[in-house]
Amino acid sequence: MKSRFVLLKRLLEEAGFDPERVHLQWASAAEGDVFAEGITSMVERITKLGPNPVRKGD
Amino acid sequence: MVKRIALAQLTSCWGCDQSLLDLHLKLLDVLPSLDIVYWPAVVDFKVADLESMSNHSIHFGFVEGSCRTKEDVHLLKLMRQKSKILVAWGSCSVYGGVQGLGNQWELKDLLERKFLKADTITEGRIPDENLPGFTEHITPNPDIVDFDAILPGCPPTSENTAEALTALITSKSYDLPDKTVCDQCPKERKEKKIKKFYRTHQGHIDQNKCLLDQGYLCLGFATIGLCGAQCPTVNAPCKGCFGPPPSIKDHGAKIISALGAVADMPPEELERAFPDPLGSFYFTDYASSYLSKIRGKQRSKKTK
Amino acid sequence: MTEREKTIKIAPVTRLEGHGELTVKLTKTGKVKDVQFNVSSTRFFEKFLEGRFAEEAPRIAPRICGICPEPHHLAATKAVEAAWDVTPPPAAIKLRRLLINAKQFSSHALHFFALAAPDFLAGPFGEPALRNVVAIIKAMPDVGKMALEMMQFGQDLAAAVGGKAIHPVTSIPGGMLNPFSEEKRDLFLKRVGQAKKQTLETVTLAKKVVQDYWDPITKLAVTPTYYIGMHNKGNLEIFDGNLRVMDPKGKIVADFKPKDYRKYFGEYVPEHSYATHIYYLPAGYPAGIWRANTLARVNVADRMATPIAQEALQEMRDALPRPIHATFAYHWARIIELVQAIEEIENLLKDSQIVSKDTKLSDVEPKKGDGVGCVEAPRGTLLHHYWTDERGIITKANMVVATNNNIAGIEKSLMVAAKQIFEDKAHEGLKFPDPMIK
């Protein structure tokens, strides 16, 4: 999975997208805190980046 | 009954036309059933002649090339209007073509490189007199008008075009096969586990073995099998110029997914092996990828 | 005399690969004010080659032209080899020569029979419905069949060496990916005799056309320009050699290695064409406008590289003194080159090294640098210049394609022809034969 992710990220970058828009994180069922932290930091990053140009209906 | 045919070239290399001509003596079998009403590279009729024809009066319209200029868009719409059956002919027409790689940049960057910053230019300018003007980016033709048949390929082989044309002449439908280049390739394949990727100029190629098994990026597994595996047969890795088979929606996404499965190496090494996934995975069909379409939306928003 | 200014537009210019329109502007008194050859599209290869693996350029660049992908395939390979300092094995070079000559042969046959001959066989005043190769095939089936067989010989050979004829794939920095098998060689050795015979028949046909149209050929659109073309020690050459520039008086004013092109090539960007105008830089624009392609090559070369072609050239030079400025003589020069192509093909097929298995190096390493690759495409001098980084990725590309070497010259000769036709009504006084196809 990580292999695919690094290629996808590079592809996004080349296509002119901020690679910060995607994030891959592993969290097992026991790691609630890791999961929550991952989501929170992603939300923060995305809010900073502004609206996504992919939104449906555009 | 003799059928009226028009062949129009939007921005492209003319390779599809050359491929049709490469039927050579077999052309003599096809020609008697056709009345060529428009084919500028061969016959002297002009755009005005095409414009004066009544709607749907052409039995088969073949469109080669993609819309790089506003004139291309006009000609494409005209072909749709005049043709009963419209065929997207070749990868430029179906997907946008190699020039779709230009969608990686803004139009102004492309213009600047060619007309202002070329090494041999002393005084640059953007030409605009008696010229049509460029489109902001390449949009695949099927996103602009409806087609009745598509035939990808860079170019489609002479046999591909003959087959499609024969089907149309005999009123049969023409559908693309859901097989891949690997299905047509004579090289010997094994269960894949790739330890290292090589670039095409590197190393020694074993001509009997699968190129991907040997670590060369051969895209046959994700590419529609129409060409007869011409490139891998001569030890040149498939670059995917015919695009994916009908069941695959995004060529590059499929390739990334497959490489992730067969690459037996740390992710960092894989990343180093493919610094240009866009160019490597979308040779002639970047314009039809999800990413390019999203960028296109962004651009048209900006220019509105 | 017209009373208003008038613009004549020919859209598109037909029997031409690519996108061109012709605009002729006439004044109130019927004088030719302006002639524009509007090349109305371009694809920006120079830009989207950036960021790609340089060894993939020989796969990408052929897409510039469907009629002449082999020269692009080879110019791109040579440019990368120059940048990386790589010398391919001798057998690879012979295979590349075979490839480019196969293309030269099929392209010249196509050009002569499908693009040019209709004007001569149906006549310039013939109906559009008759003035094309399809009509020739119907009206003169023997000639049509021969034309198709000649094109097929060249295309089949190009496919056998290049993997496919349209957008070949076998040339790579360091050599050729696929050796030429003995079986294939034997197959083409069997066919080459027939192709040579047909070539000589084409020479006879071309000579008749030249005789029939002597008046317009020697009087219409005779346009002095500079000329550029490749040579090898004075022999006409299309794969590897120095470039020569000849001035309108016939003097060789430059003879240089292609890598030094920037001292001699100027690029003028017109307002009315997406194809830029390449010219002889030391003479300035428009004085330094040059032409490339068949006539330019036979003008700058001292002689042909093969004996039968040399005889054909001598015959032309006996009839028209060098340098030849008659635009219609391009077709004649094309036939002379067709002969050289088939002779070169025959020689290469008979060379035992052509089936060598040693066609590719296995230790090619990318490096930072830049390199120029230059060949002659059927329609003129073609040059690729790439810069690569230490990973062998293209950081910049400059390309001078055959069309751009010709556009300004085409426009200049169209101006001459337009003045002759619109101002002097020259076409009414010229002698034309009865068309063969009516």
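This is a predicted model, so every value here is computed, not measured. Labels below follow one simple rule: chain letters A, B, ... track the order of the sequence lines, proteins then strands, and each chain is numbered from 1.
For the options Ile67(C), Leu110(C), Val133(C), heavy-atom pairs under 4.5 Å to chain B are most numerous at Ile67(C). With chain B as the partner, the residue from Asp363(C), Thr42(C), Asn38(C), Leu16(C) showing the most heavy-atom pairs under 4.5 Å is Thr42(C). Counting heavy-atom pairs under 4.5 Å between each of Gln207(B), Gln230(B), Lys114(B), Arg125(B) and chain C puts Arg125(B) at the top. Ranking Gly203(B), Gly279(B), Gly97(B) against chain C, the residue ahead of the rest is Gly203(B), based on heavy-atom pairs under 4.5 Å. In terms of heavy-atom pairs under 4.5 angstrom with chain B, the leader among Lys164(C), His272(C), Arg131(C), Glu271(C) is Glu271(C). Counting heavy-atom pairs closer than 4.5 Å to chain C, the top residue among Pro237(B), Cys92(B), Gly65(B) is Pro237(B). The most heavy-atom pairs under 4.5 Å with chain C, out of Asp119(B), Val43(B), Leu31(B), Asp72(B), come from Asp119(B). The greatest number of non-hydrogen atom pairs below 4.5 Å with chain C, out of Lys117(B), Arg199(B), His204(B), is found for Arg199(B). Among the candidates Phe45(C), Tyr268(C), Phe53(C), the residue making the largest number of heavy-atom pairs closer than 4.5 Å to chain B is Phe53(C). Between chain C and the options Gly15(B), Cys231(B), Pro127(B), Pro155(B), the largest number of non-hydrogen pairs under 4.5 Å is found for Pro127(B). Chain B forms the most heavy-atom pairs under 4.5 Å with one residue out of Glu149(C), Gln36(C), His167(C), His19(C), and that residue is His19(C).
Minimum heavy-atom separation, Pro69(C) to Lys103(C): CD-CE, 4.4 Å. Across every non-hydrogen atom of Gln155(C) and Ala165(C), the tightest pair is O-CB, 3.4 Å. The nearest pair of heavy atoms linking Asn103(B) to Ser292(B) is ND2-OG, 3.0 Å. For the pair Gly240(B) and Thr284(B), the tightest heavy-atom approach, listed with the atom from each and the gap, is O-OG1, 4.1 Å.
Within the 4.5 angstrom heavy-atom criterion, only side-chain atoms of Leu28(B), from C-beta onward, approach chain C. In this structure, chain B has a heavy atom under 4.5 Å from the backbone of Ile64(C), while its side chain stays farther away. For chain B, the nearby part of Lys360(C) is the side chain; its heavy atoms alone come within less than 4.5 Å. Only the side chain of Ser280(B) has a heavy atom closer than 4.5 Å to any heavy atom of chain C. Residue Gln18(B) touches chain C through both its backbone and its side chain, counting heavy-atom pairs closer than 4.5 Å. If you measure heavy-atom distances from Cys154(B) to chain C, the contacts under 4.5 Å come from both the backbone and the side chain. If you measure heavy-atom distances from Ile10(C) to chain B, the contacts under 4.5 Å come from the side chain alone. For a residue to count as touching a neighbouring chain, one of its non-hydrogen atoms must lie under 4.5 Å from one of that chain's; by this rule Phe134(B) touches chain C with backbone and side chain alike. The part of Thr276(C) that comes within reach of chain B is its side chain, from C-beta onward, which places non-hydrogen atoms under 4.5 angstrom from that chain. For chain C, the nearby part of Glu123(B) is the backbone; its heavy atoms alone come within less than 4.5 Å. Heavy-atom distances place no part of Ala147(C) under 4.5 Å from chain B, backbone and side chain included. Only the side chain of Ile36(B) comes within less than 4.5 Å of a heavy atom of chain C; its backbone N, CA, C and O stay farther away. Both the backbone and the side chain of Leu111(B) come within less than 4.5 Å of a heavy atom of chain C. Of the atoms belonging to Pro270(C), it is backbone heavy atoms, and not side-chain ones, that fall under 4.5 Å from chain B. Residue Phe153(C): no heavy atom, backbone or side chain, is found under 4.5 Å from chain B. Interface remark: Asn130(B) contributes backbone and side-chain atoms alike to the contact with chain C (heavy atom separation under 4.5 Å). Using a 4.5 Å cut-off between heavy atoms, Ile278(C) does not touch chain B at all. For Val39(C), the part lying near chain B is the backbone, with the side chain staying farther off; criterion is any non-hydrogen pair under 4.5 Å. Of the atoms belonging to Leu131(B), heavy atoms from both backbone and side chain fall under 4.5 Å from chain C. Heavy-atom distances place no part of Tyr286(B) under 4.5 Å from chain C, backbone and side chain included. Neither the backbone nor the side chain of Ser106(C) comes within contact range of chain B; no heavy atom of the residue lies under 4.5 Å from a heavy atom of that chain.
With respect to Arg68(B) and Glu136(B), no salt bridge is recorded, no charged nitrogen being found less than 4.0 Å from a carboxylate O. Under a 4.0 Å N-O distance rule, the pair Lys108(B)/Glu112(B) does not qualify as a salt bridge. Salt bridge status for Lys9(C) with Glu21(C): present, with a side-chain N to carboxylate O gap under 4.0 Å. A salt bridge does not link Lys3(B) to Asp35(B): none of the charged nitrogens lies less than 4.0 Å from a carboxylate oxygen. Taking a cutoff of 4.0 Å between a charged side-chain nitrogen and a carboxylate oxygen, Lys187(B) and Asp206(B) do not qualify as a salt bridge. Salt bridge absent: Lys396(C) and Glu46(C) never bring a charged side-chain N and a carboxylate O closer than 4.0 Å. Note on Asp109(B) versus Lys47(C): no salt bridge recorded, every NZ/NE/NH1/NH2 to OD/OE distance being 4.0 Å or above.
Counted within 6.0 Å of NZ on Lys367(C), heavy atoms from surrounding residues, nucleotides or ligands total more than 12; the atom is thus considered enclosed.
In this structure, Tyr264(C) and Tyr280(C) have parallel ring planes: the angle between them is below the 30° cut-off, well short of the 60° mark. Relative orientation of the Tyr261(C) and His385(C) rings is perpendicular, given thresholds of 30° and 60° on the angle between their planes. Taking the six-membered ring where the residue is Trp, Phe274(B) and Phe197(B) present perpendicular rings, their angle passing 60° and hence far from 30°.
Note: Gln214(B) CD to Ile205(B) CD1 = 7.0 Å, rounded to the nearest 0.5 Å. Rounding to the nearest 0.5 Å places OG1 of Thr14(C) at 3.0 Å from NZ of Lys46(B).
Taking the ring centre of Phe283(B) as origin, the terminal cationic atom of Lys239(B) falls inside the region bounded by 6.0 Å and 45° from the ring axis.
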